[in-house]
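Read through the structure below, which is laid out as structure tokens, and then see the notes.
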Amino acid sequence: MYEILKKKVWQEEKPRITEFEVDAPEIARAHRAGQFVILIVDENGERIPLTIADKDAEKGTISILFQEVGKSTMCLGKLDVGDRIHHITGPLGKPTHVEKFGTVVCVGGGIGIAPVHPIAKAMKEAGNKVISILGARSKDLLIYEEEMKAASHEIRVTTDDGTYGRHGFVTDELKAMIEEEKIPIDLVVVIGPPIMMKFVCKVTEPHKIKTFASLNTIMVDGTGMCGACRVTVGGKTRFVCVDGPEFDGHQVDFEEMMMRQQQYLTEEKIAVERCEKQTCHKN
Amino acid sequence: MSDEKQTQGAPKAKPKKPKIPRQAMPEQDPHVRAKNFDSVTLGYADEQALTEASRCIQCKKPLCVQGCPVSIDIPGFIKAIKEKDYAKAVQVIKETNLLPAVCGRVCPQEEQCEQKCILGKKQEPVAIGRLERFVADYEAAHGEAPLPELPPKTGKKIAVVGAGPGGLTVAGDLIRKGHDVTVFEALHKAGGVLIYGIPEFRLPKAIVEREVDYLQKLGVVFKMNHVIGKIRTIYQLMKEDGFDAVFIGSGAGLPWFMDIPGENLNGVFSANEYLTRNNLMKAFDFPNYDTPIKRFKNVAVIGGGNVAMDSVRTALRLGADNAYIVYRRGREEMPARTEEIEHAEHEGVQFKNLTAPVRILGNEDGWVTGLECLKMELGEPDASGRRRPIPIEGSEFVLDMDAVIIAIGTSANPLIGQTTPDLKLTRRGYIEVENETTCRTSKNGVFAGGDIVTGAATVILAMGAGRNAANAIQEYLETGEWWTPNGDGEK
């Protein structure tokens, strides 16, 4: 189990972005849009939460997509087709609430586009009109464009440097859709860097557009046991792993969440330096 | 009575045998051990074990056995020690207890077998727990225990949810009845609280691994990374995967927080998180292991139970200069074992009793800087029988702190309840059972035991529940009989 069947490098330039198709039949069968996995790369590895970009229940595979921003993802990126990931647990978290809302805008930023993909797909299947906004720093860094095209009725792209699509941020596009094009939007689903999710929520809030934000916090067990992932939602402490990962974005305390994400920066740096010196334990 | 009179009236009575004192167990020096994660207690040598065993008077009606949740033949195994037949001593214990090396270390014997020991009336009770550990360690040091002969396969399939002490006991009992047993564990290692919760210095993980290996050799199948309720539901296990019965031992794993200001600051952890990072993930050996843990200098652990003691002693070992227990009642009221409290004291833990935290203070970067507390005094006993703590007005004070670990208890893990609609839960989310002997839930063929039924308790009580559940499952497999909960259950 957990054998890597396919490897695709979306971006060679550091930090590298890689996608694996992994043999995990039981997870593939049970997975619903919005759920995630926790994996351990090797014997001495840590438990890291990763989103699921796609699955094939019949083939028994899931696709995970990650950017090499820390020690564990760097080690993961060193694995090749035929290698096995040490452990994968999932699917975890509550599935996205999918029903016919009307018009659903799916916003994905950076590698956050990947986990938006199964949600867009499910929303489309449920009879919604799905418009997706994909944001990237630059054209070369845009991932999952074709997949998102297939999963949506329409896609719109923004790049920070203007090399593709609208020159600007996903919030600019969303604002234009609401205020200039006056598209009636029933629901926004957003996944991406916390700062982006925060501003997307700020755009939709005055218009009272329901907005789901899918949070990716520090986790250990991922089953509700430790509370490392806790966030404040509507003034109450919630666990992202079992109460989420999706919450009403207008209620999420993003400032606190971003502050909590900083906890292990020093340790992460130590681990990355060791890994770059090739002293990390490879499978 | 008559014996006493005779003694009084007979001045020439035999001189009394000098009383042999209860044998102390060697331990690492407190100053040394407070800096390492090696086992605190070192176990008896042969001599000590023989001396201690000789104190047992081999009661005809042994009360100690009544005090044991799994009814170990205590005089039986001690007799074998006296005869230096240690292998037999292990066998006697293993007839009823699969995990002697674990129980010898973490059972609260002072509230169970040893509390009932008749010697305890006049002197100190026989050190049953230390002797249990001695024989279990003897077995480990002298090669593997022979595998028992298993009966022919029955063709029945049992699913066990959770590889903690309760689930392991069910698995061990039922595999020996000839059934196929599969254990589903949410984490990547089996053992439950024995692996993620209890620290290495109190229960070496190699011991737990050995016990799990033994079950695997008996044929128990372990499926790690299987969060039941997520990857499979109880319904699917029974209807699609063909399990004839299910035991749920998923534990009380959800940590409580206090709901005081500052609880989401960086540097505030649940005891579960702090201990899991350290025990399951071996963060104390970062960066050789990837999971990080901060080495804080001033650490407050809130709570007075065994988990609080484990956490505060872990903080010391990670290099804390000041490691505090902050507890709102007095030392007498602490639920932790006396031995654990004493060990913590010897190692240099500072106790702030009759102290209740009211607020965690932090800096602009979001890190903990202090803990504001209130002094308490004790009033009348409350529902738990312990004296109720009452705040003393105007007694607020601040302790400088860079980490706060919350060890005030846990509640039921909701994942199975949420995904098994026909499973009745109590108001607090625990699984309702007919009673703790039959362990039968409201769902036909589904049994439950341990913390998920009782709320957080001890390893041995979960094992006792596992034993009961295994018997009940066996009976159910033979008779197919079920019960009618409140007249509306399934038949």
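Side chains are part of it too, since the values below use all heavy atoms of this structure and drop only hydrogens, waters and symmetry mates. Quantities reported herein were computed from a predicted structural model and do not represent experimental measurements.
- For the atom pair Q262(A) CD and D365(B) CG, the distance stands at 9.5 Å (nearest 0.5 Å).
- In this structure, the separation between CD on Q236(B) and CZ on R29(A) is 7.0 Å, given to the nearest 0.5 Å.
- Around the NZ atom of K202(A), the shell of radius 6.0 Å holds no more than 12 heavy atoms that belong to other residues, nucleotides or ligands.
- Only the side chain of E256(A) comes within contact range of chain B, with heavy atoms under 4.5 Å apart.
- Taking each heavy atom of E267(A) and I293(B) in turn, the nearest pair found is OE2-O, 4.5 Å.
- Residue I270(A) touches chain B through its side chain alone, counting heavy-atom pairs closer than 4.5 Å.
- R47(A) touches chain B through backbone and side chain together, each having a heavy atom under 4.5 Å away.
- Here A228(A) is the residue among A271(A), S72(A), A228(A) with the most heavy-atom pairs under 4.5 Å with chain B.
- Top candidate by heavy-atom pairs under 4.5 Å with chain B, chosen from I38(A), V242(A), D253(A), T237(A), is T237(A).
- When atom types are taken as modelled, the side chain of S270(B) and the backbone of C226(A) share a donor-acceptor pair closer than 3.5 angstrom.
- Here the closest heavy-atom approach between residue P255(B) and residue G227(A) is recorded as CG-N, 4.5 Å.
- One N or O on the side chain of R260(A) and one on the backbone of N264(B) form a donor-acceptor pair closer than 3.5 Å.
- When heavy atoms are compared at a cutoff of 4.5 Å, Q35(A) approaches chain B solely by way of its side chain, counted from C-beta outward.
- More than 12 non-hydrogen atoms from other residues, nucleotides or ligands lie less than 6.0 angstrom from CZ of R210(B).
- For a residue to count as touching a neighbouring chain, one of its non-hydrogen atoms must lie under 4.5 Å from one of that chain's; by this rule L39(A) does not touch chain B.
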Applying side-chain contact (heavy atoms from CB on, under 4.5 Å) to V220(A) and M281(B), what does each step give before you reach the verdict?
CA-CA 9 Å; V220(A) 184; M281(B) 306 309 297; 4.3 Å; yes
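- Looking only at heavy-atom pairs under 4.5 Å with chain A, the residue among F269(B), Y274(B), F286(B) that has the most is F286(B).
- Under 3.5 Å, the side chains of T223(A) and N413(B) contain no donor-acceptor pair of N or O atoms.
- For chain A, the option among K294(B), Q418(B), M224(B), K282(B) with the highest count of heavy-atom pairs below 4.5 Å is K294(B).
- Proximity to chain A involves both the backbone and the side chain of I231(B), based on heavy atoms less than 4.5 angstrom apart.
- Using a cutoff of 4.0 Å between basic side-chain nitrogens and carboxylate oxygens, R230(A) and E263(B) are not scored as salt-bridged.
- N225(B) contributes no side-chain N or O that, together with a main-chain N or O of H87(A), makes up a donor-acceptor pair within less than 3.5 Å.
- Contact annotation: the side chain of E26(A) approaches that of H226(B) to within less than 4.5 Å [non-hydrogen atoms, C-beta and beyond].
- Looking at I88(A), only its backbone comes within 4.5 Å of chain B, counting heavy atoms on both sides.
- Looking only at heavy-atom pairs under 4.5 Å with chain B, the residue among A30(A), G90(A), P91(A) that has the most is P91(A).
- No donor-acceptor pair under 3.5 Å is formed between the side chain of K230(B) and the backbone N or O of T89(A).
- Remark: E58(A) CD is loosely packed, at most 12 non-hydrogen atoms of other residues, nucleotides or ligands lying under 6.0 Å away.
- Separating the NZ atom in K189(B) from the CD1 atom in I40(A) is a distance of 8.5 Å, to the nearest 0.5 Å.
- Counting only heavy atoms from C-beta outward, the side chains of E46(A) and Y289(B) never approach each other to under 4.5 Å.
- The OG1 atom of T291(B) lies 9.5 Å from the CG atom of N44(A); values are rounded to the nearest 0.5 Å.
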What verdict does the side-chain contact (heavy atoms from CB on, under 4.5 Å) test give for H188(B) and H86(A), after you've listed the backbone C-alpha separation in whole Å, the side-chain angles of each residue and the deciding distance to 0.1 Å?
CA-CA 9 Å; H188(B) 58 282; H86(A) 204 53; over 6 Å; no
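- Rounding to the nearest 0.5 angstrom, the gap separating the OG1 atom in T276(B) from the CG atom in D221(A) is 6.5 Å.
- Under a cut-off of 6.0 angstrom, the local environment of NZ in K210(A) is sparse, with at most 12 non-hydrogen atoms contributed by other residues, nucleotides or ligands.
- Atoms CZ and CZ, from F257(B) and F239(A) in turn, are 4.5 Å apart once rounded to the nearest 0.5 Å.
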